[in-house]
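As structure tokens, the structure follows; a few thoughts come after it.
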Amino acid sequence: MRIATWNVNSIRSRIDRVEDWLRRTDVDVLAIQETKAREDQFPYLTLQALGYEVAHHGFNQWNGVAIASRVGLEDVQVGFEGAPQWGEPPVTEARAIGATCGGVRVWSVYVPNGRQLEDPHMAYKVEWLRVLAADAAGWSTDETPTAIMGDWNIAPHDEDVWSMEFYEDKSHVSPAERAGFQGVLDAGFVDVVRAHAPGPKVYTYWDYQQLRFQKNRGMRIDFILGNPTFAARVEGAAIDREERKGKGASDHAPVVVQLRD
DNA sequence: ATGGTAGCCCTGCTA
């Protein structure tokens with residue numbers, strides 16, 4: 001069984017790429033982030049024609065998460081218990097969708113972008129991670145293999161950014177964000193990709209601007225975290241850097257894990 | 001130099 005996560009930066013503008021990628025990579029379950037589509041705009045039919053069932057949650061007016069699975073899609077759940085609210089008037093931004101696919105519990109998450117260190121969005125991001133970690137603690141001891149995967153908008157280690165000097169006063173590397181990510185690890189989850197794709201200079205995201213991809217000036221911010229029963233089944237993993245190349249690429253690369261049957 | 005690029009909510013905002 002092959003499972004992947006990919007921030008596609010608009011499912012509508014990327015649907016041809018997603019279709020081609022699914023056809024050639026033999027992925028059974030794909031967690032998608034930044035769908036940027038309303039329900040009536042989401043290309044369900046294209047993915048269904050490829051044999052995938054799809055669950056989508058557009059959590060605010062410009063973003064969304066989804067799961068596409070060709071090994072079953074059961075017990076779909078939007079968000080976590082007690083997810084913090086955001087906006088005026090307060091609205092719940094669940095920013096996550098979960099489902100059981102072929103016996104594996106998968107969560108597609110889009111961790112809030114904190115924008116700036118002192119921005120209220122940053123406090124919201126840290127609180128969101130605290131709530132996720134609290135729920136993750138309950139999942140870590142499950143017999144059910146469980147993965148939390150997506151765009152975390154956090155570079156946990158200095159080697160996960162092309163320049164710590166550049167990011168010193170910016171989002172994604174601050175102690176509070178890194179502590180939030182660590183909280184999910186402390187809840188009993190492990191990064192199942194890093195051992196198979198070690199750094200330094202191994203990234204999952206490159207800004208469109210300033211020829212960052214061509215210069216390999218990126219960040220590792222997309223992660224697949226597994227509980228012990230999931231991690232025990234991982235036999236390989238890779239970051240598909242090739243997919244970031246060329247015209248019409250997302251600014252994120254897909255991240256893939258291979259599970260033993 | 002608050003620039004650059006991409007995508008949508010589209011001449012402004014978000015990432």
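Nothing here was measured: the structure is a model prediction, and the numbers come from that model. In what follows, chains are A, B, ... by sequence order, proteins preceding strands, each numbered from 1.
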For the student: nearest non-hydrogen atoms of A/Ala4 and A/Trp21, plus distance: CB-CH2, 3.7 Å

Using a 4.0 Å heavy-atom cut-off to protein, can you give one letter per nucleotide of nucleotides 8-15 of chain B, 5' to 3': B if the base is in contact, S if only the sugar-phosphate is, - if neither? SB----SS

Applying side chain to side chain contact (heavy atoms under 4.5 Å, CB included), can you list everything that pairs with A/Ser13, at least two apart in sequence or on another chain? A/Ser10

Taking OP1 and OP2 of B/dG7, is either one under 4.0 Å from a side-chain nitrogen or oxygen of A/Arg14? yes

A/Tyr205 OH - B/dT5 P separation (whole Å): 14 Å

Here the salt bridge (charged side-chain N to carboxylate O under 4.0 Å, His left out) pairs for residues 190-219 of chain A, sequence neighbours left out, are A/Glu159-A/Arg194, A/Asp160-A/Arg194, A/Asp191-A/Arg194

Rounded to whole angstroms, how far apart are CH2 on A/Trp206 and P on B/dA6? 16 Å

Quote, to the nearest angstrom, the C1' distance that separates B/dA6 from B/dT11. 16 Å

Between B/dG12 and B/dG3 - P atom distance, rounded Å: 13 Å

Taking B/dG4 as the reference, what is the distance to B/dC9 when you measure between their P atoms (whole Å, please)? 24 Å

Mind checking the C1' distance from B/dT2 to B/dA15? Whole angstroms is fine. 16 Å

Could you work out the separation of B/dA1 and B/dG7 based on their C1' atoms and round it to a whole Å? 25 Å

Please give the distance between the P atoms of B/dT5 and B/dC10 as a whole number of Å. 22 Å

Does the separation of the ring centres of A/Phe80 and A/Trp139 fall below 6.0 angstrom? yes

d(CZ, A/Arg17; P, B/dA6) in whole Å: 12 Å

Taking atom C1' of B/dA1 as reference, at what distance in whole Å does atom CD of A/Gln210 sit? 11 Å

According to salt bridge (Lys or Arg N to Asp or Glu O under 4.0 Å), who are the partners of A/Arg130, at least two apart in sequence or on a separate chain? A/Glu127

Partners passing side chain to side chain contact (heavy atoms under 4.5 Å, CB included) against A/Ala133 (at least two apart in sequence or in another chain): A/Val184

Which ILVMFWY residues are connected to A/Phe213, directly or by a chain of links, through side-chain heavy atoms under 4.5 Å apart? A/Val161, A/Trp162, A/Met164, A/Phe166, A/Tyr167, A/Val173, A/Tyr203, A/Tyr205, A/Trp206, A/Met219, A/Ile221

